[in-house]
Amino acid sequence: MNEDQLTHQPSVKLAKHELRTALKRKRNHIDADQRKQDAKQACRRAAQLLEELRHEQGRPLTVCAYMPFGPELDIIPLMEACLSSGDQLYIPRTLQDTHTLEWVGWNMSTPFKSGVFGIREPADEAEAVPIHHIMNNTNIVLVPGLGFDRTGGRLGMGAGYYDRFLSLWESAKPKDKPRLLSIIYNEQLVVRVPVEPHDAMIDILVTPSQVIPIKKAGF
């Protein structure tokens with residue numbers, strides 16, 4: 001770490017903390033009716049994007065998704081649409097000892113438990129797939145978060161699980177990397193997210209009102 005990084009690191013961390021606090025408050029104030037409508041519209045837009053990618057590849061997709069938690073936008077309608085289209089879906093199980101994620105196949109009969117932070121995740125009897133299978137086959141990673149900007153900056157909850165997971169593709173060629181897609185409320189879009197070198201950048205954002213391509217992601 002150089003002198004410039006040492007100088008700016010505390011201010012970036014403070015900026016992240018302040019933005020997290022503000023965005024949690026803002027997201028918590030979205031009323032229930034708007035949440036339902038926003039989820040419906042955003043998932044419809046995302047489903048159209050994934051259908052374009054299926055057409056481009058000529059086959060179903062492999063998608064790493066997640067179980068929405070608390071006030072997060074509900075992506076279950078999109079996940080169900082993916083299953084109906086023949087896609088293979090995986091959802092994470094948190095390994096608290098190593099602060100990493102392992103991935104389990106998801107369908108409507110997957111058994112669940114309450115995991116780290118109270119998030120629903122696959123029960124222990126649901127077998128995880130080898131991580132090299134995820135790395136070699138995933139087309140799309142649906143990435144949760146609190147705040148996002150139009151350059152691809154993402155603000156997570158601070159535990160670093162997704163940054164560690166996405167770093168697995170850090171040295172991969174662009175054609176071998178999955179597209180990183182985040183589906184969010186309009187209220188989660190900010191002018192600028194403070195980022196650090198280890199933070200993963202999103203390829204495309206989908207809100208209830210628009211699709212925001214960050215870079216050419218093949219859609």
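Only heavy atoms go into these numbers, but all of them, side chains included; no hydrogens, no water, no symmetry mates.
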**Prompt:** Side chains of Pro111 and Glu125: closer than 4.5 Å at any heavy-atom pair?
**Reply:** yes

**Fill in**
Only one of Gln57, Gln88, Lys177, Arg54 passes side chain to side chain donor-acceptor pair (under 3.5 Å) with Asn139, and that residue is Gln57

**Asked** Among Leu142, Leu83, Leu49, Leu73, whose side-chain contact (heavy atoms from CB on, under 4.5 Å) with Leu78 holds?
**Response** Leu142

**Asked** By side-chain hydrogen bond (donor to acceptor under 3.5 Å, both in side chains), which residues pair with Thr151, not counting sequence neighbours?
**Response** Asp149, Arg192

**Asked** Does the Gln96 side chain pair with the main chain of Val116, one donor and one acceptor, at a distance under 3.5 Å?
**Response** no

**Asked** Which atoms form the tightest heavy-atom contact between Pro213 and Ile204, and what is the distance?
**Response** CA-CG1, 3.9 Å

**Prompt:** Taking atom CD of Glu170 as the centre, does the number of heavy atoms from other residues, nucleotides or ligands within less than 6.0 Å exceed 12?
**Reply:** no

**Request:** For Phe69 and Arg120, run side-chain contact (heavy atoms from CB on, under 4.5 Å): C-alpha distance rounded to whole Å, both residues' side-chain angles, the deciding distance at 0.1 Å, then the answer.
**Result:** CA-CA 8 Å; Phe69 175 68; Arg120 290 181 71 214; over 6 Å; no

**Lys24 NZ to Leu19 CG distance, which is reported to the nearest 0.5 Å** = 11.0 Å

**Asked** Checking Thr138 side chain against Val63 main chain: does a donor-acceptor pair fall under 3.5 Å?
**Response** no

**Request:** Please check if atom NZ in Lys36 has more than 12 non-hydrogen atoms from other residues, nucleotides or ligands closer than 6.0 Å.
**Result:** no

**Prompt:** Once you round to the nearest 0.5 Å, how far does NE2 of His133 lie from OH of Tyr90?
**Reply:** 3.0 Å

**Asked** Quick one: are Ile140 and Leu53 in side-chain contact, heavy atoms under 4.5 Å?
**Response** yes

**Prompt:** Does Leu50 reach the side chain of Leu181, with side-chain heavy atoms less than 4.5 Å apart?
**Reply:** yes

**Prompt:** Is there a donor-acceptor pair closer than 3.5 Å between any side-chain N or O of Arg150 and the backbone N or O of Val190?
**Reply:** no

**Check: Pro71 main-chain N/O paired with Arg35 side-chain donor or acceptor under 3.5 Å** = yes

**Message:** Is there a continuous path of hydrophobic side-chain contacts, each under 4.5 Å between heavy atoms, that joins Leu95 to Ile131?
**Reply:** no

**Asked** Do Asp87 and Ser85 have side-chain atoms, one donor and one acceptor, less than 3.5 Å apart?
**Response** no

**Asked** In terms of heavy-atom contacts, does CD of Gln34 have more than 12 from other residues, nucleotides or ligands at under 6.0 Å?
**Response** yes

**Arg93: partners by side-chain hydrogen bond (donor to acceptor under 3.5 Å, both in side chains), with sequence neighbours left out** = Glu102

**Prompt:** Is the count of non-hydrogen atoms from other residues, nucleotides or ligands lying under 6.0 Å from His198 atom NE2 greater than 12?
**Reply:** yes

**Item:** Check: Asp176 side chain, Ala172 main-chain N or O, donor-acceptor pair, under 3.5 Å
**Value:** no

**Item:** Verify same cluster id: Val104, Ile75 (apolar side-chain graph, 4.5 Å)
**Value:** no

**Message:** Can you confirm whether His29 sits close enough to Glu187 that some side-chain heavy atom of one is under 4.5 Å from a side-chain heavy atom of the other?
**Reply:** no

**Prompt:** When hydrophobic residues are tied together by side-chain contacts of less than 4.5 Å, even through go-betweens, does Trp169 share a cluster with Ile214?
**Reply:** yes

**Fill in**
One should read off an interatomic distance between Ile30 CD1 and Tyr185 OH, to the nearest 0.5 angstrom, of 5.5 Å

**Message:** Rounded at 0.5 Å granularity, tell me how far SG in Cys43 sits from CD1 in Ile183.
**Reply:** 5.5 Å

**Prompt:** Linking I/L/V/M/F/W/Y whenever any side-chain heavy atoms sit under 4.5 Å apart, do Phe148 and Val191 land together?
**Reply:** no

**Fill in**
Taking every heavy atom of Gly145 against every heavy atom of Arg154, the minimum-distance pair comes out as CA-NE, 4.1 Å

**Request:** Measure from the side-chain N and O atoms of Arg164 to the backbone N and O of His99, and report whether any donor-acceptor pair falls under 3.5 Å.
**Result:** yes

**Request:** Please determine, by modelled atom types, if Gln41 and Ser209 share a side-chain donor-acceptor pair under 3.5 angstrom.
**Result:** no

**Request:** Could you tell me whether the side chain of Tyr66 reaches within less than 4.5 Å of the side chain of Val143, counting heavy atoms only?
**Result:** no

**Prompt:** Backbone N or O of Gly147 within a donor-acceptor pair of the Gln188 side chain at under 3.5 Å?
**Reply:** no

**Request:** Measure across Asp203 and Pro178 and return the closest heavy-atom pair with its distance rounded to 0.1 Å.
**Result:** OD2-O, 3.7 Å

**Item:** Check: Pro92 and Phe165 side chains under 4.5 Å, non-hydrogen atoms
**Value:** no

**Message:** Within the 4.5 Å heavy-atom criterion, are Thr94 and Glu121 side-chain neighbours or not?
**Reply:** yes

**Message:** When you measure from the side chain of Asn186 to the backbone of Leu189, do you find a donor-acceptor pair of N or O atoms at a distance under 3.5 Å?
**Reply:** no

**Prompt:** Does a side-chain N-to-carboxylate-O contact under 4.0 Å join Asp199 and Lys16?
**Reply:** yes

**Considering all heavy atoms, the nearest Arg20-Gly156 contact** = NE-O, 2.7 Å

**Asked** Where do Lys113 and Asp124 land on the side-chain contact (heavy atoms from CB on, under 4.5 Å) test, with the steps shown first?
**Response** CA-CA 8 Å; Lys113 68 175 183 177; Asp124 294 337; 2.6 Å; yes

**Message:** For Tyr162 and Trp103, take the angle between the two ring planes, folded into 0 to 90°, and tell me which bin it lands in: parallel under 30, tilted 30 to 60, perpendicular over 60.
**Reply:** perpendicular

**Asked** Which value, rounded to the nearest 0.5 Å, describes the distance between Ile184 atom CD1 and Arg27 atom CZ?
**Response** 11.0 Å

**For Ala200 against Asp163, the heavy-atom pair lying closest together** = N-OD1, 3.0 Å

**Complete:** Distance col, row Leu23:CG vs Met157:CE, nearest 0.5 angstrom, shows 10.5 Å

**Minimum heavy-atom distance between Pro122 and Thr110, given as atom pair plus value** = CB-CG2, 4.5 Å

**Request:** Check the pair Gln210, Arg45 against side-chain contact (heavy atoms from CB on, under 4.5 Å), reporting the backbone distance first and the verdict last.
**Result:** CA-CA 8 Å; Gln210 61 185 320; Arg45 291 182 187 278; 5.7 Å; no

